[in-house]
S.K.: 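Encoded as structure tokens, here's the structure I'll be asking about.
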Protein chains: 2
Amino acid sequence: MSDQGRRPTRLGETGLEGFAPYLMNRIMGRYNAEVRAALGQNGLSTPKMRALAVLSVVPAPLIRELAVYAVTEQSTLSRALDQLEAEGLVRREADASDSRATRIHITAAGLAVFEGLWPHMIDAQDTMFRDISDDERQAFLGTLQKMLRNIRKHEF
Amino acid sequence: MSDQGRRPTRLGETGLEGFAPYLMNRIMGRYNAEVRAALGQNGLSTPKMRALAVLSVVPAPLIRELAVYAVTEQSTLSRALDQLEAEGLVRREADASDSRATRIHITAAGLAVFEGLWPHMIDAQDTMFRDISDDERQAFLGTLQKMLRNIRKHEF
DNA sequence: CAGAGTTATATGCATTTGCAAATATCTTTT
DNA sequence: AAAAGATATTTGCAAATGCATATAACTCTG
């Protein structure tokens, strides 16, 4: 049993630091800022970086899929892709069976840019987890995965 | 020991779902969207809501402090406060000992608005944690608190 | 198979954002 | 105690954002 019969907590009772979404926003705020600092040089923005990151792992998604994976509004992503394409980092390619749809392919150059970025993301992550044991970290990750399943509205 | 001697993971090895910052961004994306949906009515924006949330718990912070707590750029916050003040939800008050500084006070009306919002935040949180045990949830929160200490650049 | 509804992407436009600079006030140094 | 440097906040402005809509193509229903 979890919450049964408990009255809703007031924010004041636990304080900000007892409210998980607050902590997560706060932590991600710093993580994203950290990564963004590494982006500036390459002329990348957060949406562009996120698109590249997903594309380095997910092959040829539709734009709407990419938008979900990359946690980016579709219209924002559309424009980010314009730029990435102009820079030769991705390629738009018409879907074979649905001519409304476009699949996005990352280019070798795009992959190279992402690989230059990845170490910064790892660093930022390692900073977050500094002095947290592998076991605790693993458990944390497990909970995150359950949470994603809970909130997810798509099959991916 | 944690990572000693392990070579840096490539994103492809674990996939997106093995990378904690990705999961956290994805989850918070949904949580924030959920909350934002509840805001629309009241003419609130995310920064305005965050300011109110913090102010409901932290008494009379400086603007720069509020910006950190609320995970909002200072210039964005400055303008959010303009609006909140115009709507009578907060009050700017000159700091007693430093006349550059301004302290923000939430008004009764501001508090009332926040209390109307809070249930939605609780709901969104409960959705995230659906079917996660109290113990696991507690452990998760503990890890988040450690992480905040790791990445924090201020004393709060 | 025509028409109604749906889905994929792009775009127009008003608003919001964030950076950098401006302003005002401290604080430290010499 | 004046100058140089820091700090708190606001604001100008170009760029990014998100909503609603446009366009095009698909799917289903009768």
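Remember, predicted model here, so these are calculated numbers, not experimental data. Per chain, numbering begins at 1; letters A, B, ... match sequence-line order.
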S.K.: Taking for each residue the nucleotide of DNA chain C bearing the nearest heavy atom, is the 5' side occupied by A:D82 or by B:T72?
M.R.: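 So the residue in question is A:D82.
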S.K.: Side-chain donor-acceptor pair under 3.5 Å between A:R130 and A:Q125, yes or no?
M.R.: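 No donor-acceptor contact under 3.5 Å links the two side chains.
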S.K.: Using atom names, set out every protein N or O paired with an N or O of nucleotides 5-8 of chain C below 3.5 Å, distance rounded to 0.1 Å.
M.R.:
| residue | atom | partner | partner atom | Å |
| --- | --- | --- | --- | --- |
| C:dT7 | O2 | A:R100 | NH1 | 2.5 |
| C:dA8 | OP1 | A:R64 | NE | 2.2 |
| C:dA8 | OP1 | A:R64 | NH2 | 3.0 |
| C:dA8 | OP2 | A:R64 | NE | 3.3 |

S.K.: Regarding B:R92, tell me which of base, sugar-phosphate or nothing describes its non-hydrogen contacts under 4.0 Å with the strands shown.
M.R.: sugar-phosphate
S.K.: Check the interface with nucleotides 12-16 of chain C: list each N/O to N/O pair with the protein under 3.5 Å, or write none.
M.R.:
| residue | atom | partner | partner atom | Å |
| --- | --- | --- | --- | --- |
| C:dG12 | O6 | A:R79 | NH2 | 3.0 |

S.K.: Quick one: side-chain hydrogen bond (donor to acceptor under 3.5 Å, both in side chains) partners of B:R30, sequence neighbours excluded?
M.R.: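 With sequence neighbours excluded, B:R30 shows a side-chain hydrogen bond (donor to acceptor under 3.5 Å, both in side chains) to no residue whatsoever.
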S.K.: Which residues pass the side-chain hydrogen bond (donor to acceptor under 3.5 Å, both in side chains) test with B:T143, not counting sequence neighbours?
M.R.: A:E136
S.K.: Which nucleotide of DNA chain D is the first, and which the last, in the 5' to 3' direction, to come under 4.0 Å of a heavy atom belonging to chain A?
M.R.: D:dT17 to D:dC26
S.K.: Residues two or more places apart in sequence or in another chain: which of them pass salt bridge (charged side-chain N to carboxylate O under 4.0 Å, His left out) with A:R100?
M.R.: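 Expected list: A:D98.
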S.K.: Name all residues meeting the salt bridge (charged side-chain N to carboxylate O under 4.0 Å, His left out) criterion together with B:D82; count only those two or more places apart in sequence or in a different chain, and write none if there are none.
M.R.: B:R92
S.K.: Sequence neighbours excluded and cut-off under 3.5 Å, please list the side-chain donor-acceptor pairs for residues 43-71 of chain A, or say none.
M.R.:
| residue | atom | partner | partner atom | Å |
| --- | --- | --- | --- | --- |
| A:S45 | OG | A:K48 | N | 3.4 |
| A:K48 | NZ | A:G43 | O | 2.9 |
| A:K48 | NZ | A:Q83 | OE1 | 3.0 |
| A:K48 | NZ | A:E87 | OE2 | 2.9 |
| A:R50 | NH1 | A:V71 | O | 3.3 |
| A:R50 | NH2 | B:N25 | OD1 | 3.4 |
| A:S56 | OG | A:A53 | O | 2.7 |
| A:E65 | OE1 | A:L62 | N | 3.0 |

S.K.: How would you list, by chain and number, every residue that makes a salt bridge (charged side-chain N to carboxylate O under 4.0 Å, His left out) with A:R152, sequence neighbours excluded?
M.R.: B:E17
S.K.: Residues two or more places apart in sequence or in another chain: which of them pass salt bridge (charged side-chain N to carboxylate O under 4.0 Å, His left out) with A:R103?
M.R.: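 By the salt bridge (charged side-chain N to carboxylate O under 4.0 Å, His left out) rule, A:R103 matches A:D95.
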S.K.: Name all residues meeting the side-chain hydrogen bond (donor to acceptor under 3.5 Å, both in side chains) criterion together with A:E73; count only those two or more places apart in sequence or in a different chain, and write none if there are none.
M.R.: none
S.K.: With a non-hydrogen cut-off below 4.0 angstrom, is A:R36 in contact with a base, only sugar-phosphate, or nothing?
M.R.: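 No contact.
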S.K.: Could you work out, with side-chain hydrogen bond (donor to acceptor under 3.5 Å, both in side chains) as the rule, every residue matching B:R91, not counting sequence neighbours?
M.R.: B:E93
